[in-house]
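Okay, so here's the structure we're looking at.
FYI, side chains are in, hydrogens and waters are out, and symmetry mates aren't considered; it's all heavy atoms of this structure. Each chain gets a letter, A, B and so on, in the order its sequence line appears, and its residues count up from 1. From a predicted model like this one, the values you see are computed outputs, not experimental measurements.
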There are 2 protein chains.
Amino acid sequence: MAKSHKTLRTPGLERALDRLEHLCRARGQRLTRQRRAVLSSLLSAGRALSAYELLERLRPEDAKSTPASVYRSLDFLMALGVVHRLESTRSFIACEHPETPHWVQFLICRRCGQVVEAEDERIAAATERLGQRLGFALDQRVVELTGVCEGCRGSAARH
Amino acid sequence: MAKSHKTLRTPGLERALDRLEHLCRARGQRLTRQRRAVLSSLLSAGRALSAYELLERLRPEDAKSTPASVYRSLDFLMALGVVHRLESTRSFIACEHPETPHWVQFLICRRCGQVVEAEDERIAAATERLGQRLGFALDQRVVELTGVCEGCRGSAARH
DNA sequence: GGGTATTTGATACAAAGTATCATTAAGCGG
DNA sequence: CCGCTTAATGATACTTTGTATCAAATACCC
Ligand SMILES: [Zn+2]
Ligand SMILES: [Zn+2]
Ligand SMILES: [Zn+2]
Ligand SMILES: [Zn+2]
């Protein structure tokens, strides 16, 4: 029988890991087991995770993960642009469209925790403009909009 | 001789504390010594401070400040809208124009730490729009743009 | 498969933020 | 000005989040 790789279950995840590999090769960066595991875990979580939640999910598979190692992998993946950090919730999420380098905005539902990654031209342009107007050469833009998503508003009669 | 209040040194600070008092009365909230001290300290710092930096500045005057008490005062002042939290630097800063309720953007210089509070109509409108488009009823918007300010770019020959 | 620079493991620590409950004081009415 | 009531603080201990250091391991190139 064929060797039973644990992959190939979710094609989306497979594609993301392939993309990670190609990104690393292109930049001459090393792709390690941990880095793969961290991205993989974030992707299959399907939501934002704190570094320590992530750690808990990694431990069963890799007992020697530590906070430091998780943060290191996260930093690496963020530099590559395949993971983002949500400043307002101190958590991390896999990028939803890592094909292009991008400045994104996040919409966060405070009730169900859903996070939507948006790429709004208007906001991008307006922030760039503001930076120029005030003389700042911007290199990082955090836009995190918190509220209640449509689903959650519907499902709550009131209050 | 007249009683030697330690106030009246900086009219801007005085005005801010008066405003704080009025805000509290208007809302039936109590204005305590600590809350005054926290706002006062943030104002005279003239920059963003972490909660613990703030604590250090309060301790000489009020030896029984604790992390918990500082965070409580900060939460109170933020609810009133006279203090903002910078998510991307985990710090707090006095509002630069607390007259009106507002959604603001922050520009942060990563070299000198300067923070500028802006109120850009275009960004406000664009974020609101995005929220509507994606079905979110927004109640908090974090817009924090980091880069290098004009002064710092000028003063650095290169790198 | 071996060599080397990079990454990780292990440990310890620093920084940021919160829970709890007994005690204190702000603001109000008399 | 005094005492009452309720909200806020003090004290303590704890949780969560993030880093420093250096020896050991491993990804990648050949
Ligand atoms: Zn993205
Ligand atoms: Zn929701
Ligand atoms: Zn403000
Ligand atoms: Zn600067």
Side-chain angles (χ1 to χ4, degrees), chain A residues 17-18 20-39 41-42 48-80 83-93 113, chain B residues 17-18 20-42 48-80 83-93 113 142:
Chain A
L17 292 179
D18 284 353
L20 174 59
E21 187 174 343
H22 291 135
L23 264 173
C24 287
R25 300 189 76 87
R27 304 195 185 195
Q29 311 261 45
R30 293 188 186 174
L31 177 49
T32 67
R33 206 162 40 81
Q34 263 228 66
R35 290 168 176 177
R36 232 189 312 257
V38 166
L39 179 59
S41 203
L42 270 181
L49 297 178
S50 79
Y52 282 77
E53 286 174 334
L54 190 45
L55 182 57
E56 280 173 29
R57 290 170 176 238
L58 292 173
R59 278 255 160 88
E61 304 272 312
D62 182 353
K64 50 200 159 18
S65 292
T66 64
S69 72
V70 169
Y71 277 104
R72 283 186 296 227
S73 295
L74 286 170
D75 286 344
F76 176 85
L77 296 169
M78 286 192 293
L80 242 55
V83 164
H84 298 295
R85 178 202 299 254
L86 297 176
E87 298 290 346
S88 50
T89 57
R90 258 130 266 183
S91 62
F92 302 85
I93 192 166
Chain B
L17 292 178
D18 284 353
L20 174 58
E21 188 175 343
H22 291 136
L23 265 173
C24 287
R25 299 189 77 88
R27 304 194 184 195
Q29 311 261 45
R30 293 188 187 175
L31 177 49
T32 67
R33 207 163 38 82
Q34 264 228 66
R35 289 169 176 176
R36 232 188 312 256
V38 166
L39 179 58
S40 177
S41 204
L42 270 181
L49 297 178
S50 78
Y52 283 77
E53 286 174 333
L54 190 46
L55 182 57
E56 279 173 30
R57 289 170 176 239
L58 293 173
R59 278 254 159 89
E61 303 273 312
D62 182 354
K64 48 201 159 17
S65 292
T66 64
S69 73
V70 169
Y71 277 104
R72 282 186 298 226
S73 294
L74 286 170
D75 286 344
F76 177 84
L77 295 170
M78 287 193 292
L80 241 56
V83 164
H84 300 295
R85 178 201 300 254
L86 298 175
E87 298 290 348
S88 49
T89 56
R90 256 130 266 184
S91 63
F92 302 85
I93 193 166
V142 173

Geometric cation-pi criterion A:Arg85 and A:Phe92, 6.0 Å radius, 45° cone: no
Side chain to side chain, A:Leu23 and A:Gln29, heavy atoms closer than 4.5 Å: no
4.5 Å side-chain heavy-atom contact, A:Leu17 and A:Leu39: yes
Nearest-nucleotide comparison on DNA chain C, the residue closer to the 5′ end among B:Gln29 and B:Tyr52: B:Tyr52
Distance, rounded to the nearest Å, where A:Asp75 contributes CG and C:dT7 contributes P: 12 Å
Whole-Å distance separating the CZ atom of A:Phe92 from the C1' atom of D:dT16: 12 Å
A:Glu87 CD - C:dG17 C1' separation (whole Å): 16 Å
Base of D:dG10 paired with side chain of B:Arg72 (donor-acceptor, under 3.5 Å): yes
Which residue lies more 5' along DNA chain C, comparing B:Pro67 with B:Leu31 via nearest heavy atoms: B:Pro67
Sugar-phosphate, base or nothing in reach of B:Arg36, heavy atoms under 4.0 Å: nothing
Nucleotide of C:dT7, C:dA10, D:dA11 approaching A:Ala68 most closely (side-chain heavy atoms): C:dA10
Nearest-nucleotide pick for A:Thr66, side chain only, options being C:dA10, D:dA11, C:dT8: C:dA10
Under 4.0 angstrom between A:Gln34 side-chain N/O and C:dG9 OP1 or OP2: yes
Nearest-angstrom distance from the residue atom CG of A:Leu55 to P of D:dT17: 11 Å
Sugar-phosphate only, base, or nothing, as touched by A:Ser50 at under 4.0 Å among non-hydrogen atoms: sugar-phosphate
Neighbour count >12 (heavy atoms, 6.0 Å) for atom CZ, B:Arg25: no
Donor/acceptor link under 3.5 angstrom from B:Arg30 side chain onto base of D:dT6: yes
Sugar-phosphate only, base, or nothing, as touched by B:Arg33 at under 4.0 Å among non-hydrogen atoms: nothing
Distance below 4.0 Å between A:Arg90 side-chain N/O and D:dT16 OP1 or OP2: no
Value in whole Å for how far the P atom of C:dG27 lies from CG of B:Leu20: 10 Å
Distance in angstrom units between B:Leu49 CG and C:dA15 P, rounded: 15 Å
Protein-nucleotide distance (B:Leu80, atom CG; D:dA8, atom P), rounded to Å: 11 Å
Aromatic-base stack, B:Tyr71 on C:dT18, cutoff 5.5 Å, angle under 30: no
Minimum side-chain heavy-atom gap A:Tyr52-A:Ser91 below 4.5 Å: no
A:Leu77 CG to C:dT8 P, straight-line distance once rounded to whole Å: 10 Å
